[in-house]
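Worksheet: one structure, shown below.
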Amino acid sequence: MFEGTDRIWMDGEFVDFEDAQTHVLTHALHYGTGVFEGVRCYDTEQGPAIFRWEEHLDRLYKSAKPYDLDIEFSKAELTEATTELIETEGFESCYIRPIVYYGFDSLGVSPKSCPTKTTIAAWPWGAYLGEEALEEGVDVMVSSWRKHASSQIPTNIKTTGLYVNSMLAGEEARRNGYTEAIVLNKEGNVAEGPGENIFMVRDGEIYTPGLAESILEGITRNTAITLAEEMGYTVHEEATISRGELYTADELFFTGTAAEVTPIRSVDDNEIGEGTKGPVTDELQSAFFDVIESGDREEWFHYV
Ligand SMILES: Cc1ncc(COP(=O)(O)O)c(C=O)c1O
């Protein structure tokens with residue numbers, strides 16, 4: 001249950017939670033024409049710090065580009081608004097949701113006359129798939145829904161409309177008693193989770209689908225690749241992974257801002273490895289949480 005927050009930043013000003021409204025004829029509501037980010041601020045040893053804020057901001061602007069969404073605020077203005085929001089809400093850690101979308105003017109599919117709206121909300125949010133998931137791993141199913149090809153809609157960026165596919169896949173999994181889904185791409189190879197990138201460990205090396213496999217260019221994916229390479233692992237970051245390889249993998253794990261580094265313990269009721277968090281996943285997850293807790297990797301944090 002979402003308990004609400006005091007204020008939300010909308011188009012240049014802070015408004016009370018109840019007043020953060022948009023018109024029912026908003027273009028984005030009808031056609032999914034918004035772009036957004038999901039970011040975490042962590043309570044680090046250096047105080048509250050936004051993890052990989054610059055990269056999230058860059059992706060927001062990149063996401064806006066193909067849709068001609070002209071973000072009316074500079075990166076500096078969005079940064080100031082976000083840090084002020086976190087400070088005034090008194091959060092030590094939180095999830096941050098910037099969204100930019102076409103507002104209301106005409107309901108033609110062309111949004112050209114619609115204003116661009118920009119909003120930032122923040123609220124406390126714990127482990128996305130549950131604390132236990134981080135330790136024990138999750139049971140997942142391969143969804144019957146396929147991910148759109150990037151020739152149909154850009155998949156490397158974060159568009160609101162894309163998430164109907166994520167919703168269908170995730171809800172199908174949960175209806176069938178699984179925690180999360182894995183979505184295959186149009187070719188039938190592994191793409192990603194509904195809100196996570198996926199990694200496979202085989203014979204001590206790490207594999208993750210490349211950008212041409214219809215995946216979001218995940219920032220946690222990049223964090224995991226960087227940390228794994230620093231730890232000496234070979235990472236194949238442009239891999240094509242077949243469905244069959246999932247079942248025979250030594251280890252599988254998800255990465256994402258919300259999911260962080262979450263082990264996958266079974267796929268379609270087939271145990272992965274020993275059916276627990278594998279050793280490589282464990283090492284990488286520890287390295288990830290060490291960074292998050294210490295907050296001392298300056299290039300990755302924006303201190304509030
Ligand atoms: C479809 C999808 N894939 C992957 C990710 C992971 O991306 P990130 O690590 O940037 O949060 C997300 C989360 O935003 C997502 O929604």
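Note that ligands are numbered from 1 as they come in the structure, with each ligand's atoms numbered from 1 the same way.
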How close does the nearest protein non-hydrogen atom get to atom 11 (O) of ligand 1, and which residue and atom is it? T257 OG1, 2.6 Å
For S166 and ligand 1, does the shortest N/O to N/O distance drop below 3.5 Å? no
Answer yes or no: are there more than 12 heavy-atom neighbours, outside K75 itself, under 6.0 Å from its atom NZ? yes
Looking at E274, I'd like to know if its CD atom is crowded, meaning that more than 12 non-hydrogen atoms belonging to other residues, nucleotides or ligands lie closer than 6.0 Å. no
I'd like to check V190 versus E213 (side-chain heavy atoms, cut-off strictly below 4.5 Å). Are they in contact? no
Any N/O of Y163 closer than 3.5 Å to an N/O of ligand 1? yes
Give me the atom names and distance for the closest heavy-atom approach of Y102 to Y67. OH-O, 2.6 Å
Closest approach of any protein heavy atom to atom 12 (C) of ligand 1, naming residue and atom: G195 O, 3.2 Å
Using residues 287-295 as the side-chain source, report each donor-acceptor pair under 3.5 Å to any protein atom, sequence neighbours left out, with the distance given to one decimal.
from : atom 1 : to   : atom 2 : distance (Å)
S294 : OG     : D290 : O      : 3.0
S294 : OG     : V291 : O      : 3.3
S294 : OG     : D296 : N      : 3.3
S294 : OG     : D296 : OD1    : 2.9

Which is it for P194 and ligand 1 at heavy atoms under 4.0 Å: side chain, backbone, both or neither? backbone
Tell me the protein heavy atom at minimum distance from atom 9 (O) of ligand 1, and give that distance in Å. T220 OG1, 2.6 Å
Polar atom proximity, K158 to ligand 1 (N or O, under 3.5 Å): yes
Parallel, tilted or perpendicular: ring planes of H236 versus Y207, cut at 30 and 60 degrees: parallel
Under 6.0 Å from the CD atom of E132, do we count more than 12 heavy atoms belonging to anything else shown? no
Within ligand 1, which atoms have a heavy atom of E192 less than 4.0 Å away? 1 (C), 2 (C), 3 (N), 4 (C)
Given that the side chain starts at C-beta and the backbone is N, CA, C, O, which of these parts of E217 lies under 4.0 Å from ligand 1, counting heavy atoms, or is it both or neither? neither
With a cut-off of 4.0 Å, which atoms of ligand 1 are near a heavy atom of G218? 7 (O), 8 (P), 9 (O), 10 (O)
Test item: I50 and I86 side chains (from C-beta on) under 4.5 Å apart, heavy atoms: yes
Heavy-atom gap E55 to ligand 1 smaller than 4.0 Å: no
Hey, does I219 come in under 3.5 Å of ligand 1, counting only N/O atoms on both sides? yes
